[in-house]
Visitor: 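Next up is a structure, given as structure tokens.
Not measured: the values here are computed from a predicted model. Note: hydrogens, waters and symmetry copies are ignored here, and every other heavy atom, side chains too, is used. Whatever order the structure lists them in is the order used to number ligands and atoms, beginning at 1.
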Amino acid sequence: MSKQSPLPIVVLISGNGSNLQAIIDAIHSGDITGEIKAVISNRAGVYGLERAQRHGIPVEVIDHTQFDSREKFDAELMQRIEVYKPELVVLAGFMRILTDNFIRHFEGRMLNIHPSLLPNFRGLNTHQRALDAGVDYHGCSVHFVTSKLDGGPVIIQSKISVLDNDDVESLTTRVVHQEHIIYPLAVSWYCTGRIKMNNNQVYMDNKPLMQAIMADELPIKVTAK
Ligand code: NHR
Ligand code: GAR
């Protein structure tokens, strides 16, 4: 079989960019057949921008506070993304809710990592809410982005046990560690055409995925020791 050409990707961030870093690393190691054409942040001065620059990736800042509506911000964002003609848009700690026009434009070509076991704890402050609810398990999910906030179909999840002495910080550390495993994996599947979304349904290897893949149930174990 001939070698696949790298899929053009644009990554959207708002902060630290550790998931961006995990994807950059997986591209470098050959695990993802993709190329990050640009990293765009809605906040200036965040560490994720530095990570991108260090790897020679073009960066842009589009400060949402400079726009008088979400629609105008999203229109500008869409235009600046399209310059790079990505086939995949990756939300990696991107903190702005996107409006329907934007979502429609990229539907089926946009992924997000969310710090909870969806459908539990959609939205913000997921670790505190998991602690408050007293759940036994918590984790993270990679899903296709649709107009339903954190409600698009889930591709893969990773689960951790919540311990008696856990706090937001300890949960964040363990969940983010899992994010860095499952997000590059999902992106790699997308880049080789193994996963797709059609009519709100995920397909894996052209078969409907009836439930999210659990990282600890994969033939090749991808969870931490
Ligand atoms: N947009 C749509 N339409 N659908 C999704 O599933 C999206 C989305 C935009 C971002 C990421 C999401 C997450 O993983 C995401 C998924 C931000 C907020 C939020 O409330 C909620 C969910 C997510 C991202 N943001 C506030 C807002 O007013 C701002 C918060 C802040 O700036 O700190 O946009 O959790
Ligand atoms: C990650 O935990 C991600 O799941 C979460 O923010 C963190 C970003 O970390 N995303 C959201 O909460 C989206 N609303 P990173 O910038 O180091 O990748």
Visitor: For ligand 2, is there an atom lying under 4.0 Å from some heavy atom of I13?
Guide: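 In this structure, I13 fails to qualify as a contact of ligand 2 - no heavy atom is under 4.0 Å.
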
Visitor: Mind checking whether N112 contacts ligand 1 via backbone (N, CA, C, O), side chain (CB onward), both or neither, at a 4.0 Å heavy-atom cut-off?
Guide: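 Contact part for N112 vs ligand 1: side chain (C-beta onward).
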
Visitor: Looking at non-hydrogen atoms alone, which of G93, A22, S41 comes nearest to atom 8 (C) of ligand 2?
Guide: G93

Visitor: When you look for heavy atoms under 4.0 Å from ligand 1, do you find them on the side chain of V145, its backbone, both, or neither?
Guide: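 Under 4.0 Å from ligand 1, V145 contributes side-chain atoms alone.
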
Visitor: So for I113, does at least one of its heavy atoms come nearer than 4.0 angstrom to any atom of ligand 1?
Guide: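 In this structure, I113 qualifies as a contact of ligand 1 - some heavy atom is under 4.0 Å.
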
Visitor: Indicate whether the side chain of T126 and that of H114 have a donor and an acceptor atom separated by less than 3.5 Å.
Guide: no

Visitor: Is any N or O atom of T146, backbone or side chain, closer than 3.5 Å to an N or O atom of ligand 1?
Guide: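 The answer is yes, given that T146 and ligand 1 share an N or O pair closer than 3.5 Å.
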
Visitor: Can you pull out the closest protein heavy atom to atom 14 (N) of ligand 2? Residue, atom name and distance to 0.1 Å, please.
Guide: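 So the nearest neighbour among protein heavy atoms is M95 SD, 3.2 Å.
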
Visitor: Among H105, M110, R109, which one satisfies side-chain contact (heavy atoms from CB on, under 4.5 Å) with V89?
Guide: M110

Visitor: Going by atom types alone, do E71 and T99 pair a side-chain donor with an acceptor below 3.5 Å?
Guide: no

Visitor: Any atom of ligand 1 sitting under 4.0 Å from a heavy atom of G123?
Guide: yes

Visitor: Taking atom CD1 of I160 and atom CD of Q178, what is their separation to the nearest 0.5 Å?
Guide: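 The CD1 atom of I160 sits 7.5 Å away from the CD atom of Q178.
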
Visitor: Under 4.0 Å from any heavy atom of H114, which atoms of ligand 1 are there?
Guide: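 In order of numbering, the contacting atoms are 13 (C), 14 (O), 35 (O).
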
Visitor: Got a donor-acceptor contact below 3.5 angstrom from the R43 side chain to the V61 backbone?
Guide: no

Visitor: For F102, which part has a heavy atom under 4.0 Å from ligand 1: side chain, backbone, both, or neither?
Guide: neither

Visitor: Examine distances only and state if a side-chain atom of N198 and a backbone atom of Q201 form a donor-acceptor pair shorter than 3.5 Å.
Guide: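 Side chain of N198 to backbone of Q201: no pair is present.
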
Visitor: Just by modelled atom types, is the S188 backbone N or O under 3.5 Å from a matching donor or acceptor in the R194 side chain?
Guide: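 Between the backbone of S188 and the side chain of R194 there is no qualifying donor-acceptor contact (under 3.5 Å).
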
Visitor: Rounded to the nearest 0.5 Å, how far apart are CZ of F144 and CD1 of I195?
Guide: 4.5 Å

Visitor: What residue and atom, counting heavy atoms only, is the protein's closest point to atom 17 (O) of ligand 2, and at what distance?
Guide: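 For atom 17 (O) of ligand 2, the nearest protein heavy atom comes out as S18 OG, 2.6 Å.
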
Visitor: Should the heavy atoms of other residues, nucleotides or ligands under 6.0 Å from OH of Y203 be counted, would the total exceed 12?
Guide: yes

Visitor: I'd like to know whether D63 forms a side chain to side chain contact (heavy atoms under 4.5 Å, CB included) with F73, so could you lay out the CA-CA distance, the side-chain angles of the two residues, the decisive distance to 0.1 Å, and finally the verdict.
Guide: CA-CA 8 Å; D63 177 355; F73 169 72; over 6 Å; no

Visitor: Are more than 12 heavy atoms, taken from residues, nucleotides or ligands other than N165, located less than 6.0 Å from that residue's CG atom?
Guide: yes

Visitor: Are any of the N or O atoms of L124 closer than 3.5 Å to those of ligand 2?
Guide: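 Min N/O separation from ligand 2 is not below 3.5 Å for L124.
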
Visitor: Which heavy atom of L49 sits nearest a heavy atom of I13, and at what distance?
Guide: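 It is N-CD1, 3.7 Å.
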
Visitor: Is R174 salt-bridged to D166, going by a charged N under 4.0 Å from an acidic O?
Guide: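 Yes, charged N to carboxylate O under 4.0 Å.
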
Visitor: Any idea which protein heavy atom is nearest atom 16 (O) of ligand 2, and the distance to it?
Guide: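 Closest protein heavy atom to atom 16 (O) of ligand 2: G17 N, 2.8 Å.
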
Visitor: How far is atom 6 (O) of ligand 1 from the closest protein heavy atom, and which atom is that?
Guide: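 Going by distance alone, atom 6 (O) of ligand 1 is nearest to D150 N, 2.7 Å.
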
Visitor: For V176, counting its heavy atoms only, list the atoms of ligand 2 lying under 4.0 Å from any of them.
Guide: 2 (O)

Visitor: When you measure from atom 9 (O) of ligand 2 to every protein heavy atom, which one gives the shortest distance, and what is it?
Guide: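 For atom 9 (O) of ligand 2, the nearest protein heavy atom comes out as N19 ND2, 4.0 Å.
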
Visitor: Tell me the protein heavy atom at minimum distance from atom 7 (C) of ligand 1, and give that distance in Å.
Guide: L149 CD1, 3.5 Å

Visitor: When only distance counts, is M95 in polar contact with ligand 1, meaning an N/O pair under 3.5 Å?
Guide: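 Yes, at least one N or O pair falls under 3.5 Å.
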
Visitor: What residue and atom, counting heavy atoms only, is the protein's closest point to atom 9 (C) of ligand 1, and at what distance?
Guide: R96 O, 3.1 Å

Visitor: With a heavy-atom distance limit of 4.0 Å, tell me whether I103 approaches ligand 1 through its side chain, its backbone, both, or neither.
Guide: side chain

Visitor: So with a 6.0 Å cut-off around CG of N206, is the heavy-atom count from everything else above 12?
Guide: no

Visitor: Starting from atom 1 (C) of ligand 2, find the nearest protein heavy-atom neighbour and note its residue, name and distance.
Guide: E179 OE1, 3.1 Å

Visitor: Give the contacting part of T126 toward ligand 1: side chain, backbone, both or neither, where contact means a heavy-atom distance below 4.0 Å.
Guide: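 Contact part for T126 vs ligand 1: neither.
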
Visitor: Which ligand 1 atoms are under 4.0 Å away from a heavy-atom of H143?
Guide: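 Once the distances to H143 are compared, the set is 6 (O).
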
Visitor: Could you check which of L111, L91, L98 puts a non-hydrogen atom nearest to atom 1 (N) of ligand 1?
Guide: L98

Visitor: Does a salt bridge link R70 with D74, judged by any charged N lying under 4.0 Å from a carboxylate O?
Guide: no

Visitor: Which of the numbered atoms in ligand 1 are under 4.0 angstrom from any heavy atom belonging to K148?
Guide: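 Once the distances to K148 are compared, the set is 6 (O).
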
Visitor: Of the choices R122, R70, M110, R43, which has the non-hydrogen atom that lies closest to atom 28 (O) of ligand 1?
Guide: R70

Visitor: Does the pair R80/E76 count as a salt bridge with the N-to-O cut at 4.0 Å?
Guide: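 So R80 pairs with E76 through a salt bridge.
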
Visitor: Starting from atom 21 (C) of ligand 1, what is the nearest protein heavy atom, named by residue and atom, and what distance separates them?
Guide: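 Nearest protein contact, heavy atoms only, for atom 21 (C) of ligand 1 is L124 CD2, 3.7 Å.
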
Visitor: For atom 24 (C) of ligand 1, what's the nearest protein heavy atom and its distance?
Guide: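 Its nearest protein heavy-atom neighbour is F94 O, 3.5 Å.
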
Visitor: So how far is it from L118 CG to N120 CG, rounded to the nearest 0.5 Å?
Guide: 8.0 Å

Visitor: Check V175 against ligand 2 and report side chain, backbone, both or neither, counting heavy atoms closer than 4.0 Å.
Guide: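 No part of V175 is near ligand 2 at this cut-off.
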
